[in-house]
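Take a look at the structure set out below.
Keep in mind the model is a prediction, meaning the values are calculated, not measured.
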Amino acid sequence: MKPKIFIDGEHGTTGLQIRQRLAGRQDIEVISIPEAERRNANLREEMLGSADIAILCLPDDASREAVAMLEGNPTTRVIDTSTAHRTDPTWIYGFAELEPSQRGLIAGAHRVSNPGCYPTGAIALLRPLRLAGLLPADYPISVNAVSGYTGGGKQLIAQMENEAAADHIAAPHFLYGLTLTHKHVPEMKQHGLLDRAPIFAPSVGRFAQGMIVQVPLHLDLLEGAPSLTKIHAALAAHYAGQDVVEVMPLADSSTRARVDPTELNDTNRMRLYVFGTEGNGQVNLVAQLDNLGKGASGAAVQNMDLMLGA
Ligand SMILES: NC(=O)C1=CN([C@@H]2O[C@H](COP(=O)(O)OP(=O)(O)OC[C@H]3O[C@@H](n4cnc5c(N)ncnc54)[C@H](OP(=O)(O)O)[C@@H]3O)[C@@H](O)[C@H]2O)C=CC1
Ligand SMILES: CC(=O)N[C@@H](CCC(=O)OP(=O)(O)O)C(=O)O
């Protein structure tokens, strides 16, 4: 029998993209509820209970409710794309490239929390430098980022695209998260192995998909005042042999004039860049990804495949 997959929230932004990524797969059976019934709790409970893997693409509260519906069910495994369980130690963090052991942990897990799009970029840059002993845990980190507007789900998509809407946003680019209490900060701190919460400054541009996450650092405040080359070598060693996360060669970074947030759209890939000038004492670490790819739906399918042993 083929494993049954249920995407709860399949008609939303993340859910739809997962459905598209699974279309045509012969090794699984995707079970589904009609769009008009998407909030029918009885039907959802039935589907959740009969799935081998449930992928939750819901707001945080609805995700918690779905997990509660599965209490006592020993068979349905869960991948949650919401923020609800990302810092919960009883859940496995679904970032396959986090450390060499992470793939195996995801493969055997009953509960997997899919990383947030911004944290995927920030943690990918920070954690290897913490593990290499180059980045002090109390370094005052800033994370600056821009996302395509699909990152805000159906509501933000409507605000950006529907000019007739009362809450239409006409700006070509805007900053938000201005209280510095964005829901992704605890996740970045925990999985970035930081003692001090990063200052997170996100923004949205008038493009549907794509993302850039930047972490600028002063090299003289790092352990041993490393060179640009040493920072690059630490990242390259951490991701050696990986196909999803790619550390771009220093030669490429030193000749690039610009970075386009949409370059990896519709892929599950992420590129990491080390920008700066050797001897200048500063580095800007940059992650480029699709917020709906490695930042959400792509990572969810990658985790599902690990759990299925596919
Ligand atoms: N978009 C992105 O780039 C990313 C999103 N995520 C996370 O994925 C999750 C889904 O986000 P996204 O797809 O963007 O959101 P959307 O708003 O686009 O989709 C959410 C879907 O869930 C449905 N839904 C909401 N509440 C309930 C409920 N109580 N019961 C059943 N269905 C419900 C919505 O239905 P309705 O149309 O009726 O509201 C909608 O179809 C969120 O937790 C988000 O944080 C994670 C990483 C990136
Ligand atoms: C542009 C935009 O609004 N982005 C969302 C985050 C998108 C995302 O990653 O969802 P999770 O919170 O589930 O990780 C935000 O800032 O709240």
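Applying side chain to side chain donor-acceptor pair (under 3.5 Å) to D290 and the options Q17, Q209, R269 leaves one that passes, Q209. Of the residues listed (V30, I33, I31, L16), the one engaging E10 in a side-chain contact (heavy atoms from CB on, under 4.5 Å) is I33, and it is the only one. Exactly one residue among L306, L98, N303 makes a side-chain contact (heavy atoms from CB on, under 4.5 Å) with R103. That residue is L306.
Ring geometry, H85 versus W91: the interplanar angle falls under 30°, so the pair is classed parallel (tilted spans 30 to 60°). Between Y118 and F200, the ring-plane angle classifies as perpendicular under the 30° and 60° cut-offs.
Not a single side-chain hydrogen bond (donor to acceptor under 3.5 Å, both in side chains) links N144 to another residue, sequence neighbours left out. Taking M248 as the reference, E246, D252, S253, R271, Y273 meet the side-chain contact (heavy atoms from CB on, under 4.5 Å) condition, with sequence neighbours excluded.
Judged by distance alone, the side chains of N73 and T75 do bring a donor and an acceptor atom under 3.5 Å apart. Side-chain contact check for S113 and D80: no donor-acceptor pair (N or O, by modelled atom type) lies under 3.5 Å. Between the side chains of E187 and Y93, at least one donor-acceptor pair of N or O atoms lies under 3.5 Å. Side chain to side chain, E161 and Y149 meet the donor-acceptor criterion of an N or O pair below 3.5 Å. Remark: the S203 side chain and the H173 side chain contain an N/O donor-acceptor pair separated by less than 3.5 Å.
Between R86 and H184 the shortest side-chain heavy-atom distance falls below 4.5 Å. N284 is not listed as a side-chain neighbour of V215, based on a closest heavy-atom distance of 4.5 Å or more. With contacts defined as side-chain heavy-atom distances shorter than 4.5 Å, the pair Q302/V244 qualifies. Within the 4.5 Å cutoff, side-chain heavy atoms of L219 are placed close to those of L228. With a 4.5 Å cut-off on side-chain heavy atoms, M304 and I79 count as touching. Using a 4.5 Å heavy-atom threshold, the side chains of I199 and I141 count as separate. The shortest side-chain heavy-atom distance between M160 and R206 falls under the 4.5 Å cut-off.
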Next on the checklist: Show, in sequence, the C-alpha distance, side-chain angles and deciding distance for I53 and V78, and conclude whether the side-chain contact (heavy atoms from CB on, under 4.5 Å) test is met.
Outcome noted: CA-CA 6 Å; I53 297 181; V78 178; over 6 Å; no
Item to check | Stepwise side-chain contact (heavy atoms from CB on, under 4.5 Å) check, V204 with V146 | outcome: CA-CA 5 Å; V204 165; V146 63; 6.0 Å; no
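The existence of a salt bridge linking D305 and R25 is confirmed by a sub-4.0 Å separation between a basic side-chain nitrogen and an acidic carboxylate oxygen. The pair D138-R196 fails the salt-bridge criterion, with no side-chain N (NZ, NE, NH1 or NH2) lying under 4.0 Å from an Asp/Glu carboxylate O. For R44 and E65, the salt-bridge test fails: no basic side-chain N is under 4.0 Å from an acidic carboxylate O.
Side chain of R38 to main chain of P34: no donor-acceptor pair is present (N/O by atom type, distance under 3.5 Å, no hydrogens or angles). Checked by atom type and distance alone, the side chain of H218 never pairs as donor or acceptor with a backbone atom of Q282 at under 3.5 Å. Side-chain N or O atoms of N291 include none that pairs as donor or acceptor with a backbone N or O of M211 at under 3.5 Å. A donor-acceptor pair is defined here as one N or O able to donate and one able to accept, closer than 3.5 Å; no such pair exists between the side chain of T87 and the backbone of P186.
Residues I106 and M307 come closest through the heavy atom pair O-CG, 3.3 Å. When every heavy atom of L289 is checked against every heavy atom of G121, the shortest pair comes out as CD2-CA, 4.4 Å.
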